[in-house]
Amino acid sequence: MTIRFYNTLTSRTEEFASIEPQTVRMYSCGPTVYDFAHIGNFRSFLFADLIRRFLELAGYDVQHVMNITDVGHMTDDAVADGAGEDKMQVAAQRIKEDKKSGKVPEGAIDNPDDPYQIARYYTNAFLDDARQLGLKVAFEYPDNILHATEQIAPMQEMIARLIDRGHAYVGGDGVVYYSVESFPAYGRLSGNTLDHLHSGAGGRISEEHQAAKRHPADFMLWKPDSHHIMKWDSPWGPGYPGWHIECSVMALKRFGVDTIDIHTGGEDLIFPHHECEIAQSCGATGADYFARFWMHARFLLVEGEKMSKSKGNFYTVRDVLEGRVTGRPVHPSVLRYELLKSHYRSNMNFTVKGLQDSAGAVKRLQDFRSRCEAASSGEVAEVANSHPVIREFIDALSDDLNISAALAVVLPWAAETPADPAEALGVLREINSVLAVAPIDLELGGTAAPADDEDANVQALCRQLDEARARKDWPTADEIRKQIIDRGYNVHTGRDGTTAERPLA
RNA sequence: GGCGCCGUAGCCAAGUGGCCUAAGGCGACGGAUUGCAAAUCCGUUAUUCCCCGGUUCGAAUCCGGGCGGCGCCUCCA
């Protein structure tokens with residue numbers, strides 16, 4: 001089996017091989033925790049999860065690390081004074097308003113002016129969302145998901161090393177900058193080489209900032225700023241680290257190697273973030289590569305448009321799951337499937353209709369599983385990867401994560417009635433270890449929707465319906481069935497009586 | 001303007017020179033089944049791959065040119 005991935009670094013699809021046989025070290029840029037993560041963020045995180053789970057099925061031991069950016073960086077809004085705002089302060093302001101409107105529950109954040117409380121609140125929200133959607137690394141918190149604010153010392157060590165090695169300097173404004181001219185490979189990932197940056201820079205850069213730097217493309221490693229809401233002592237004065245440095249540090253520190261196998265993120269991170277990470281990491285270690293494979297997920301569109309708060313199509317995971325997008329609750333596995341079903345390097349258009357389509361596919365897989373379980377009395381056979389269905393599934397994903405071809409293997413197969421249900425369950429277990437939608441995650445238990453009063457009421461109606469049917473009182477039976485459907489349930493009358501369940505979306 | 005992805009049915013989307021008069025899913029439609037439904041099963045659903053040229057015996061697939069969509073293009077994140 002040959003695994004091939006598209007590598008942003010070379011702009012080509014290349015054969016994947018890990019540096020150390022059987023082990024893959026993968027780093028994914030994680031969320032900022034100033035607000036709830038949105039579905040676009042999760043498309044990127046789930047793309048990384050797909051790589052990880054696929055490689056595991058293919059036999060690798062995958063070590064997956066992600067960061068949480070909780071340092072209060074600055075906004076990119078060009079406000080009047082040209083300095084931007086502290087993101088944590090912006091969040092604090094918003095939270096005060098959200099508390100009044102109830103969007104942030106009472107007691108969740110006692111003191112919005114405490115950035116650590118804000119970070120903790122949104123970190124927990126992220127982890128909840130991530131676990132619901134079956135993001136495997138979220139179950140490895142805090143071992144494999146690291147907070148930037150807990151890595152300040154190693155960041156300072158790396159900055160000091162970069163200064164020693166001639167890759168960084170203290171500018172005229174006291175800020176520590178990375179010298180891009182000291183790193184000839186700068187621009188290799190994004191194509192934004194120093195020549196191109198010169199010609200494309202235009203008049204967007206303010207004169208005073210440039211004066212402090214040796215080259216316009218030099219970027220910040222440490223900013224002394226005694227007014228910043230989160231600050232730490234450093235050899236360069238109290239302040240805070242640059243945005244890029246945390247990822248370089250965490251990846252190298254957590255893995256203990258100079259070169260990792262895969263680095264993932266959203267396509268917006270290619271430049272400047274990942275370009276700068278490479279410059280920092282390779283500058284500090286002297287290695288030729290920071291990561292061998294750079295893989296980027298394309299942006300998510302919503303109903304054909306870029307997701308933005310001003311357009312009102314800016315959805316968080318909980319907006320979708322709690323029904324604020326479709327008008328009814330959506331099962332997490334449906335959202336997972338929806339965000340996973342398009343190729344990661346294509347435009348993914350998130351739509352209400354697409355979500356409903358995904359619900360159909362997920363239900364098909366879940367029903368298949370139920371039918372097999374009933375037929376096999378729960379027995380699950382051990383199957384090897386050489387099984388034809390698993391073989392084809394892996395082959396499809398081996399081709400740069402061709403998820404559509406992989407689903408085209410699974411779905412027709414799951415439409416058949418298997419000759420050997422125990423074997424089918426074994427196959428499904430392997431396939432579901434990657435898809436994780438039927439159920440959301442086999443190994444990790446998954447999240448069953450909690451039964452509530454409404455469920456109990458509906459169960460009672462099902463019994464009444466059965467009684468009416470036993471009397472052949474069809475008008476009453478039809479009336480009850482209609483009531484159950486009106487409550488938003490799907491009804492099924494079978495050999496063993498009537499059952500009702502909530503639709504997946 | 002620079003760099004980079006991409007453009008196949010109502011929607012998602014496979015296919016990367018001949019087995020393509022183009023997978024698979026969702027949806028839709030017709031039928032079987034059902035007291036009626038649901039589920040399930042069977043069948044139908046692109047002579048055509050954004051447009052125009054070219055290469056070739058042969059192109060959705062290669063080349064050139066258009067058109068269209070998306071991302072990034074710095075010190076603030």
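Chain A is the first sequence line, chain B the second, and so forth, proteins listed ahead of strands; every chain is numbered from 1. For clarity, every value in this text was computed on a predicted model and none was experimentally measured. Both backbone and side-chain heavy atoms feed into the values below; hydrogens, waters and symmetry mates do not.
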Trainee: Check each of A:His274, A:Arg345, A:Glu267 against A:His296 using the side chain to side chain donor-acceptor pair (under 3.5 Å) test, and report the only one that passes.
Mentor: A:His274
Trainee: Rounded to the nearest angstrom, tell me the gap between atom OH in A:Tyr489 and atom P in B:A37.
Mentor: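 To the nearest whole Å, that distance equals 24 Å.
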Trainee: Which residue, A:Pro475 or A:Tyr34, contacts RNA chain B at a nucleotide closer to its 5' end, judged by nearest heavy atom?
Mentor: A:Pro475
Trainee: Side chains of A:Trp232 and A:Val71: closer than 4.5 Å at any heavy-atom pair?
Mentor: yes
Trainee: Could you tell me whether A:Asp400 contacts a base, only the sugar-phosphate backbone, or nothing, with contacts defined as non-hydrogen atoms closer than 4.0 Å?
Mentor: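 Since no nucleic acid heavy atom lies under 4.0 Å of A:Asp400, the category is nothing.
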Trainee: Assign A:Pro272 to base, sugar-phosphate, or nothing according to its heavy-atom contacts below 4.0 angstrom with the strands shown.
Mentor: base
Trainee: Rounded off to whole Å, could you give me the CZ-to-P distance for the A:Arg188 and B:G4 pair?
Mentor: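 Answer to the nearest Å: 15 Å.
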Trainee: Does B:G68 pair with anything, Watson-Crick or G-U wobble, both distances under 3.5 Å, and if so, with which nucleotide?
Mentor: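 Base partner found: B:C6.
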Trainee: Cut-off 3.5 Å, side chains only: do A:His273 and A:Glu277 have a donor facing an acceptor?
Mentor: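 A pair is found: one side chain offers a donor N or O, the other an acceptor, under 3.5 Å apart.
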Trainee: Need one value for A:Ile270: base, sugar-phosphate or nothing, where a base atom within 4.0 Å counts as base even if backbone is also close, heavy atoms only.
Mentor: nothing
Trainee: On RNA chain B, nearest-nucleotide positions of A:Glu267 versus A:Asn349: which is more 5'?
Mentor: A:Asn349
Trainee: Under 3.5 Å for both donor-acceptor distances, Watson-Crick or wobble: does B:G24 have a partner, and if so which one?
Mentor: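 Because both required distances fall under 3.5 Å, B:G24 counts as paired with B:C12.
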Trainee: Atom CZ of A:Arg364 and atom P of B:G24: how far apart are they, to the nearest Å?
Mentor: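 Computing the A:Arg364:CZ to B:G24:P distance gives 12 Å.
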Trainee: Between A:Lys363 and B:C26, is there a contact of a side-chain N or O with OP1 or OP2 at under 4.0 Å?
Mentor: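 For B:C26, OP1/OP2 do not have a side-chain N/O of A:Lys363 under 4.0 Å.
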Trainee: With a 3.5 angstrom cut-off on both distances, give the Watson-Crick or G-U wobble partner of B:A60, or none if there isn't one.
Mentor: none
Trainee: Please classify the nucleic acid contact of A:Lys353 as base, sugar-phosphate, or nothing, using heavy-atom distances under 4.0 Å.
Mentor: base
Trainee: Is the phosphate of B:C3 approached by A:Ser190 (side-chain N or O, under 4.0 Å from OP1 or OP2)?
Mentor: no
Trainee: So does A:Arg371 get a side-chain nitrogen or oxygen closer than 4.0 Å to the phosphate oxygens (OP1/OP2) of B:A39?
Mentor: no
Trainee: Rounding to an integer number of Å, can you tell me how far A:Leu401 CG sits from B:A14 P?
Mentor: 12 Å
Trainee: Which is true for A:Asn490 with a 4.0 Å heavy-atom rule: it touches a base, it touches only sugar-phosphate, or it touches nothing?
Mentor: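 Result for A:Asn490 = nothing.
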Trainee: Please determine whether a side-chain nitrogen or oxygen atom of A:Asn402 lies at a distance below 4.0 Å from atom OP1 or OP2 of B:G15.
Mentor: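 Yes, within the criterion.
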Trainee: Using salt bridge (Lys or Arg N to Asp or Glu O under 4.0 Å), reason through A:Arg336 and A:Asp49 one step at a time and then give a plain yes or no.
Mentor: CA-CA 11 Å; A:Arg336 178 180 167 92; A:Asp49 190 62; 2.9 Å; yes
Trainee: By the 4.0 Å heavy-atom rule, please label A:Thr493 as base, sugar-phosphate, or nothing.
Mentor: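 Base contact.
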Trainee: Would you sort out whether A:Glu373 and A:Arg369 count as a salt bridge (Lys or Arg N to Asp or Glu O under 4.0 Å), showing the intermediate values?
Mentor: CA-CA 6 Å; A:Glu373 279 174 342; A:Arg369 180 183 170 78; 3.1 Å; yes
Trainee: Looking only at N and O atoms, is any donor in the side chain of A:Arg345 or the base of B:C5 less than 3.5 Å from an acceptor on the other one?
Mentor: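 Side chain to base: no pair present.
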Trainee: Mind checking A:Ala396 for me? I need base, sugar-phosphate or nothing, with any heavy atom below 4.0 Å counting as a touch.
Mentor: nothing
Trainee: Take atom NE2 of A:His343 and atom C1' of B:U16, then tell me their distance rounded to the nearest Å.
Mentor: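 Nearest whole value for this atom pair: 13 Å.
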Trainee: Is it true that A:Arg364 and A:Asp367 make a salt bridge, defined as a side-chain N closer than 4.0 Å to a carboxylate O?
Mentor: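 No.
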Trainee: Quickly work out the A:Leu301 CG to B:G68 P distance and round it to whole Å.
Mentor: 18 Å
Trainee: Take atom CG of A:Leu365 and atom P of B:G24, then tell me their distance rounded to the nearest Å.
Mentor: 16 Å
Trainee: Quick one: is A:Arg481 getting a side-chain N or O under 4.0 Å of the B:C36 phosphate, OP1 or OP2?
Mentor: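 Result: no.
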Trainee: In whole Å, what is the span from the NE2 atom of A:His296 to the P atom of B:C73?
Mentor: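 Rounded to the whole Å, the gap is 13 Å.
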Trainee: Counting only Watson-Crick pairs (N1-N3 plus N6-O4 or O6-N4) and G-U wobbles (N1-O2, O6-N3), all under 3.5 Å, who is the partner of B:C49?
Mentor: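 Its partner: none found.
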Trainee: Strictly by Watson-Crick or wobble contacts shorter than 3.5 Å, is anything paired with B:G43, and which nucleotide is it?
Mentor: B:C29
Trainee: Under the 6.0 Å and 45° cation-pi test, does A:Arg292 pair with A:Tyr289?
Mentor: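 Relative to the ring axis of A:Tyr289, which defines the angle, A:Arg292 lies inside both limits.
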